[in-house]
Amino acid sequence: MSRVHDMGGQDGFGPVPVVVGDEPPFHADWEARVYALNMTLVRNGAYHLDELRDAIERLPPEVYLRSSYYERWLQAIENLLEEKGLG
């Protein structure tokens, strides 16, 4: 079953942005905090990276498509913590 994140070969989503040069890894401070939060939770055994990937892929299509990369991470982290009774 194909989910919304699996856009390979689909038309209508525009060009894929290509990073050229010295673009920073994070465009805002909150993105770095989401990354750090995720890594802390993984290191402390709250969940595995595969679970995060799956949680991102399970986001409803309307949420996935309107969210930025780290907004997807944050929503997935929130969902995982709630699912595991940690939220």
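In what follows, residues are counted from 1 in the order of the sequence shown. Treat the numbers as computed from the prediction; the structure is a model and nothing was measured.
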Tell me the closest heavy-atom pair linking Gln75 and Leu59, and the distance in Å.
CG-CD2, 3.3 Å
What are the two closest heavy atoms between Glu71 and Arg66, and how far apart are they?
OE1-O, 4.1 Å
Does His27 have any side-chain contact (heavy atoms from CB on, under 4.5 Å) partners at least two apart in sequence or in another chain, and if so, which?
Glu23, Glu31
Would you give the length of the straight line joining atom CG of Asn38 to atom CG of Leu52, rounded to the nearest 0.5 angstrom?
5.0 Å
As an exercise, state the distance from CH2 of Trp30 to CG of Leu37, rounded to the nearest 0.5 Å.
12.0 Å
Close side-chain approach of Leu81 and Ile77, heavy atoms under 4.5 Å
yes
Once rounded to the nearest 0.5 Å, what's the spacing between atom CZ of Phe26 and atom OH of Tyr70?
4.5 Å
Using ring-ring contact (aromatic ring centres under 6.0 Å, His included) as the criterion, list what pairs up with Tyr47, not counting sequence neighbours.
none
What distance do Tyr64 atom OH and Ile56 atom CD1 have between them, rounded to the nearest 0.5 Å?
7.5 Å
Looking at Ser67 and Val63, what are the two nearest heavy atoms and their distance?
OG-O, 2.6 Å
Leu80 vs His48, side chain to side chain contact (heavy atoms under 4.5 Å, CB included): CA-CA, chis, key distance, verdict:
CA-CA 10 Å; Leu80 277 172; His48 299 281; over 6 Å; no
Can you tell me how far the CD atom of Glu83 sits from the CD atom of Glu51, to the nearest 0.5 Å?
9.0 Å
